[in-house]
Amino acid sequence: MSTITITLPDNSARELQTGATVYDLAASIGAGLAKAALAGKINGQLVDLSSPLPDGARVEIITEKSPEALEIIRHSASHLMAQAVKELFPQAKVTIGPAIETGFYYDFDMERPFTPEDLERIEARMAELAAADQKIVRSELSSADAVSMFEAMGESYKAELINDLGAEQVSVYTQGGFADLCRGPHLPSTSRIKAFKLLSIAGAYWRGDEKNRMLQRIYGTAFIDKKELEAYLNRLEEAKRRDHRKLGRELDLFSFSDEVGAGFPIWHPKGAMLRTVLEDFERKEHLRRDYDIVVGPQILKSELWQRSGHYDNYRENMYFTEVDEQSYGIKPMNCLSHMMIYKSQLRSYRDLPLRFFELGTVHRHERAGVLHGLMRVRCFTQDDAHILCTPEQLDAEIKGVISFVNDVMNIFGFEYEMELSTRPDKSIGSDADWKQATDALLGALKDSGRPYEINEGDGAFYGPKIDIKLRDCLDRRWQCATIQCDFTLPERFDLTYVASDGERKRPVMVHRVILGSIERFIGVLIEHFAGSFPLWISPVQAVIVTVTENQVPFAKDVYKRLRDAGIRVQSDLRNEKLSFKIREAQLQKTPYMLVIGDKEVEQGTVTPRYRDGKNLQPMKPEEFIDFVLQECKEYK
């Protein structure tokens, strides 16, 4: 009988009979590995345990300890959910159900909406199917046979997908009486799905197109074991407690109104103060790094957006209006005005680099279904800057921005990750320019000494970019800072400088933000700190609370002294119980409550109480002012 030779990850060789599968390999190594095996990897490609082994292949056995295991478990869990839905609701049509970063989902076409009670029934049925230990079997069918099979089952969406694939053959997975189109791989049986939870229901258009039918999407999650699942569910509960939309209402920071329109936040006094503190911080930090503050208009002629490429590549995200029979685009970005500033006079190489900074408010059309509090809005302000420099200065400028990002993230206490996003299919500019821009970003990343990932095809349409994703206290990632390298727009707008040899040359433009969208960053701050902001950015740093009306005159004097010193202070002089007023201040997450009773009036002091209930020693108002200023200084 003929044999094949397989190479294992430790470079050792193993001889098996021809036709042996991944599972056979695991069993030949040991019964424990065979029991633990979930899938395999042949020459770097994930496969099912039942996949036959080719001679000379390098093979790895995937177990629960493998980094790929969780995605396979979640993908199989999505099929398990679809099977349960079909058994409970035979009229439902299945569409697609992938694994995602936080779990899985499956989209269904069903006339009546799913309810929370339905989710409970579906989850219970999933548990029964998992316990039944149904084998998950892969088979290869011709596309014609697969279309006929799914059409006979009434699964028109699956038939459409197969027809669009244009492949001669497709793979189908079956478990019990359920069959699904899928390329896999999957677990060997349903019993390997041990810890899962259905989470929510949402709407989703078929293939993400608003012109198509609205489907119902059921989200769920799955983990290797119940301990990990419970930890994740606890994090979800904590995320609900920290939800910036909920806290934004409770802390009276901002609101949204249907009368105003979806995606347009309205900032209340405390929220506007929080913004102001952040924006003042931004101006100061940019001025320290030799940026010039500029301001551009909200609307620019459509011809400019056509020249820049935004009209062809970004038009669906823009708003347009007409003035004096002339079409204008409401700016979704600030770069065009900054280029106009550059072009307003002749530039020499001695003038470069130029760094133009603007807290620029932009408008972008986001679909209603993706709007999410401050995290995804249609009107937001960017801490936007554009650096125009010579090609020789580019490396230092990119590194300067990376250093700027690092300084700011350290001030706020955020860890972060970086990734390089490369040229997308929909883009402008020459291959040579894209290569030069990509190499510049890549070189700066390597020299930074920090780890980074490559995100293929997700760059801006005019240039590659470094995306910085900060991690909050719940280990969630948020896109904030970005650094984009652009050789294309300077060409389109004929930007030049006089070089040392007297020749006209093109500058390079670096588009960058540090916090990104101020709105999104505030949303992240709210959730990261659960509304209990550090003192230096807290919109209200202290509230004065009186014990009785007798202390009101002194309290008003203290209020004025604090306010004149720049402390953001409020006063609660109502004729209410002290405990009630302190409780309200704590619910507003105010850092300090300054209690004033008869003793404080007599001694000319205040008694600070921290929001966690800790009392400080009585101190003079000026001493408290110094105390606050010192604490704020330590944060920055």
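Under the 4.0 Å criterion applied to side-chain N and carboxylate O atoms, R241 and E237 are not assigned as salt-bridge partners. With respect to K158 and D180, a salt bridge is recorded, a charged nitrogen being found less than 4.0 Å from a carboxylate O. Using a cutoff of 4.0 Å between basic side-chain nitrogens and carboxylate oxygens, D225 and K194 are not scored as salt-bridged. We find that D243 and R249 are not joined by a salt bridge, their nearest charged nitrogen and carboxylate oxygen being 4.0 Å or further apart. Using a 4.0 Å cut-off between charged nitrogen and carboxylate oxygen, E128 and R121 do not count as a salt-bridge pair. Between R242 and D472 no salt bridge is recorded (no basic side-chain N to carboxylate O distance below 4.0 Å). A salt bridge does not link R512 with E397: every distance from a Lys NZ or Arg NE/NH1/NH2 to an Asp or Glu carboxylate oxygen is 4.0 Å or more.
In terms of modelled atom types and a separation under 3.5 Å, the side chain of S427 and the main chain of Y462 share no donor-acceptor contact. In this structure, the side chain of R245 does not engage the main chain of H372 through any donor-acceptor pair within 3.5 Å. Listed for the D55 side chain is no donor-acceptor partner under 3.5 Å among the backbone atoms of I4. Here the side chain of S66 pairs no donor or acceptor atom with the backbone of A69 at under 3.5 angstrom. Distance alone, capped at 3.5 Å, is enough to place a donor-acceptor pair between the D24 side chain and the T21 backbone. D383 contributes a side-chain N or O that, together with a main-chain N or O of I514, makes up a donor-acceptor pair within less than 3.5 Å. At least one donor-acceptor pair closer than 3.5 Å links the side chain of R14 to the backbone N or O of S28. With hydrogens and angles disregarded, a donor-acceptor distance shorter than 3.5 Å links the side chain of S76 to the backbone of I72. Proximity of a side-chain donor or acceptor of T18 to a complementary backbone N or O of S2 within less than 3.5 Å is detected. Side-chain atoms of D145 never come within 3.5 Å of backbone atoms of L141 as a donor-acceptor pair (strictly under, hydrogens ignored).
Counted by atom type alone, T3 and Q17 present zero donor-acceptor pairs between their side chains at under 3.5 Å. Judged purely by distance below 3.5 Å, without hydrogens or angles, the side chains of Q83 and Q175 pair a donor atom with an acceptor atom. Counting only N and O atoms by type, the side chains of Y219 and R217 include a donor and acceptor under 3.5 Å apart. For the residue pair Y173 and D48, a side-chain donor N or O sits within less than 3.5 Å of a side-chain acceptor on the partner. Under the 3.5 Å distance criterion, with hydrogens and angles disregarded, a donor-acceptor pair is assigned to the side chains of T115 and D118. A donor-acceptor contact closer than 3.5 angstrom links the side chains of S12 and D10.
For E417, the CD atom sits in a packed shell: over 12 heavy atoms of surrounding residues, nucleotides or ligands are nearer than 6.0 Å. Open room surrounds CD on E168; 12 or fewer heavy atoms of other groups in view lie less than 6.0 Å from it. Other residues, nucleotides and ligands contribute more than 12 heavy atoms inside 6.0 Å of the CD atom of E160. Other residues, nucleotides and ligands place no more than 12 heavy atoms under 6.0 Å from the CD atom of E101.
The structure places CD of E366 at 10.5 Å from CD of E316, a figure rounded to the nearest 0.5 Å. Separating the CG atom in L515 from the CG atom in L278 is a distance of 6.5 Å, to the nearest 0.5 Å.
Proximity of L129 to Q134: side-chain heavy atoms (C-beta onward) are separated by under 4.5 Å at one or more points. Between I466 and T482, the closest side-chain pair of non-hydrogen atoms is not below 4.5 Å. Two residues are said to be in side-chain contact when any heavy atoms from C-beta on lie closer than 4.5 Å; N455 and L420 fail this criterion. Looking at heavy atoms from C-beta onward, V408 lies out of side-chain contact with F414 at the 4.5 angstrom threshold. By the 4.5 Å heavy-atom criterion applied to side chains, R125 and E120 are not counted as neighbours. Side-chain contact between E453 and D467 is absent, with no heavy-atom pair separated by less than 4.5 Å. At a threshold of 4.5 Å between non-hydrogen side-chain atoms, the residues P113 and Q216 count as touching. Side chains of W478 and R471 form no contact here, defined as non-hydrogen atoms less than 4.5 Å apart.
The only member of I136, I193, L49, V137 that meets side chain to side chain contact (heavy atoms under 4.5 Å, CB included) when paired with H186 is I136. Checking R477, R450, K469, K465 one by one against E419, the salt bridge (charged side-chain N to carboxylate O under 4.0 Å, His left out) holds for a single residue, K469.
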- request: Carefully, step by step, assess R235 and D475 under the rule salt bridge (charged side-chain N to carboxylate O under 4.0 Å, His left out).
  value: CA-CA 9 Å; R235 289 198 300 272; D475 203 35; over 6 Å; no
Intermediate values then yes/no, side-chain contact (heavy atoms from CB on, under 4.5 Å), K589 and F529: CA-CA 10 Å; K589 304 183 185 294; F529 292 112; over 6 Å; no
- request: Output, in order, the C-alpha distance, side-chain angles, deciding distance and verdict of side chain to side chain donor-acceptor pair (under 3.5 Å) for N406 and Y416.
  value: CA-CA 9 Å; N406 188 64; Y416 62 91; 2.7 Å; yes
Scan the side chains in residues 35-44 for donor-acceptor partners under 3.5 Å anywhere in the protein, sequence neighbours excluded, and list what turns up.
from	atom 1	to	atom 2	distance (Å)
K41	NZ	E68	OE2	2.5
N43	OD1	R58	N	2.9

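Pairs passing the side-chain hydrogen bond (donor to acceptor under 3.5 Å, both in side chains) check and including a residue from residues 195-204, sequence neighbours excluded, do not occur.
Scored by the side-chain hydrogen bond (donor to acceptor under 3.5 Å, both in side chains) test, H511 finds H386, D486 as partners (sequence neighbours excluded). For K435, the side-chain hydrogen bond (donor to acceptor under 3.5 Å, both in side chains) criterion is met by D439, not counting sequence neighbours. Shown here are the side-chain contact (heavy atoms from CB on, under 4.5 Å) partners of E140, two or more places apart in sequence or in another chain: R138, Q169, S171. E527 is linked by a side-chain hydrogen bond (donor to acceptor under 3.5 Å, both in side chains) to H244, R476, counting only residues two or more places apart in sequence or in another chain.
By the 30° and 60° cut-offs, the orientation of the rings of F521 relative to F412 is perpendicular. Using cut-offs of 30° and 60° on the angle between ring planes, the pair Y232 and F223 is tilted.
Ring pair F89/F114: centre-to-centre distance below 6.0 Å. Ring pair F108/Y106: centre-to-centre distance below 6.0 Å.
For the residue pair M81 and I122, the shortest heavy atom distance occurs at CG-CG2, 4.1 Å. Residues V94 and F178 come closest through the heavy atom pair CG1-CE1, 4.5 Å. S78 and G97 get closest at one heavy-atom pair: OG-O, 2.7 Å. Residues A84 and M126 share a closest heavy-atom pair of CB-CG, 3.7 Å. In terms of heavy-atom proximity, L181 sits nearest to F150 at N-CZ, 3.5 Å. A pairwise comparison of heavy atoms in A77 and F104 identifies CB-CE2, 3.6 Å as the closest pair.
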